[in-house]
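Take a look at the structure set out below.
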Amino acid sequence: MAYPATYKYTKEHEWIEVDGTTGTIGITDYAQSSLGDIVFVELPKVGDKLVAHETFGSVESVKAVSDLYSPVAGTVAEINSALNDAPETINTDANNTWLVKVTLTNAADLDSLLDSAAYTKYVEEETGH
Amino acid sequence: MSEAALRKTALNATHRALKAKMVDFGGWDMPVEYSGLMAEHNAVRNSVGVFDVSHMGDIQLRGPGSLAAVQKLLMNDASKLQVGQAHYSAMLTPEGTFVDDVVLHKLSENDYLIVINAGTREKDVQWVRQTIGQMPSTHINDYSDMYTQIAIQGPRAVDVLQKLTDTDPSTIKNYWFTWGKVAGLYNVMIARTGYTGEDGFEIYIPSDEATSARVWQEIFAAGEEFGILPCGLGARNTLRLESAMALYGHEISDTINVFEANLGRYCKLDKESDFVGKSALQTIQNSGGPKRKLVGLEIVERGIARDGYPVTTLDGTVIGEVTSGSPSVTLKKNFALAYVPVEFTALDTEVAVTIRNQPVKAKVVPTPFYKRAKK
């Protein structure tokens, strides 16, 4: 599956799509595929402060737990609470299933992230293909 | 990369051709999942799934002294086995803790096959030689690399196997085995055993790659009409955990004794022969039993307990540890097996599991968590 060119990516396999000062964050298709059947999502609360590159929640499949790392610093504006009941949506469509929306503290955080070409290359290296 | 050093079963190329996700399991390059853990798990519970379990080891004890050797080596009473019958047993340390858990098969008089775990193969073989090697008239053979062992599991396993053999698998009783022609191979050992809590069979065929791959293909061709799926270690773990079956290195190890693990029913302290671990276990029994025991926990609040997570009282005192924890695919709840002091083992006792630094409430529930409906 292609990684959208309009997103930025972390090496921990989150994506972020930025519109003005709002960033929408999800996990990549590679992340969902590595995890397998996702059964549980733990998200922060609206108003929580996220620190760039630090954990803000977790995603769990039947067999594993994976921490979520924030691509940017910001304040949680909205959470996708539908995932509490239907976490498997992430497996079906990781590119379009968001976890949280944040109000960015510092737009310059984005500069340190990977673009889709760099992320694609990074994943290829990680999987050895 | 360490990958080069990993051991491979004869079906390794088959798994890779099926695009299985492979992992290092006790030094073996094994499939953890193919189409998806939940689909594989459900195939076994509802129809049929197939596992490559060739990484497991096989030790044969033969000769006029073999029963005495088996009796000394293993905690269950092998004198009760009939030819063609198998039972769950274990090799113990002198302290009554586990060297390994095993399935013992009585092939004929004076001929026994012990099926052992993959991760403990070398240790086990050495233990067997050290423990009974000097007993008279017993020949010890490590046949671990001779067999490809395939587990066909699930309510339709019997139908799949029926299409491949001239024997009638439906007449094999649970934990019994027979010999039959399977997929054109003569004298294949067909055992009604498994590690899923479901009905099923394990077959033992020659371990050459071509034969193994061909039989694997024939099983899938026969099972197609039942929606047969190849299943990996991921589903194997969730299936055995729902059935509360012990996994070496988790529920049992050389620091956990038989009574703690609730496996006393397979340990015959009253059998005529002495066995390694017996006197230590008698001492434990005579001094009031173990101080801690394995229990089943259902996580009542939101959260998934995982292996190694601490178990605490409701006020936060650490009292034990989760040995295996996972969501239950069949029952849609989160369960764990954990060691806790005996005063916390009564059903409905409330405890907490520490999940990422947060106490999450759990309660003691009966095991197995899942039990298949009796026919």
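Just so you know, these numbers use all the heavy atoms, side chains as well, and skip hydrogens, waters and symmetry mates. Residue numbering restarts at 1 for every chain, and letters A, B, ... go by the order of the sequence lines.
For A:Val62, the parts sitting under 4.5 Å from any heavy atom of chain B are the backbone and the side chain alike.
With A:Asn80 contributing its side chain and A:Trp98 its backbone, the two residues share a donor-acceptor pair below 3.5 Å. Between the side chain of A:Tyr9 and the backbone N or O of A:Pro71 there is no donor-acceptor pair closer than 3.5 Å.
Taking 4.5 Å as the limit, some side-chain heavy atom of B:Ile219 sits within range of a side-chain heavy atom of B:Ile228. Residues A:Val102 and A:Thr22 form no side-chain contact, since every pair of their non-hydrogen atoms from C-beta on lies 4.5 Å or further apart.
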Got a list of the donor-acceptor pairs under 3.5 angstrom between chain A and chain B?
unit_1, atom_1, unit_2, atom_2, d
A:Ser33, O, B:Lys21, NZ, 2.4
A:Asp37, OD2, B:Leu37, N, 3.4
A:Asp37, OD2, B:Met38, N, 2.7
A:Val41, O, B:Arg302, NH2, 2.9
A:Ser58, OG, B:Arg356, NH2, 3.2
A:Glu60, OE1, B:Arg306, NE, 3.1
A:Glu60, OE1, B:Arg306, NH2, 2.8
A:Glu60, OE2, B:Arg356, NH1, 3.4
A:Glu60, OE2, B:Arg356, NH2, 3.0
A:Ser61, O, B:Arg306, NH2, 2.7
A:Val62, O, B:Arg306, NH1, 2.8
A:Ala64, O, B:Arg306, NH2, 3.4
A:Asn84, OD1, B:Arg302, NH2, 3.0

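A:Thr28 and A:Tyr119 share a side-chain donor-acceptor pair at under 3.5 Å.
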- Show the numbers, then the answer: is there a side-chain contact (heavy atoms from CB on, under 4.5 Å) between A:Phe40 and A:Val65? CA-CA 9 Å; A:Phe40 188 87; A:Val65 186; over 6 Å; no
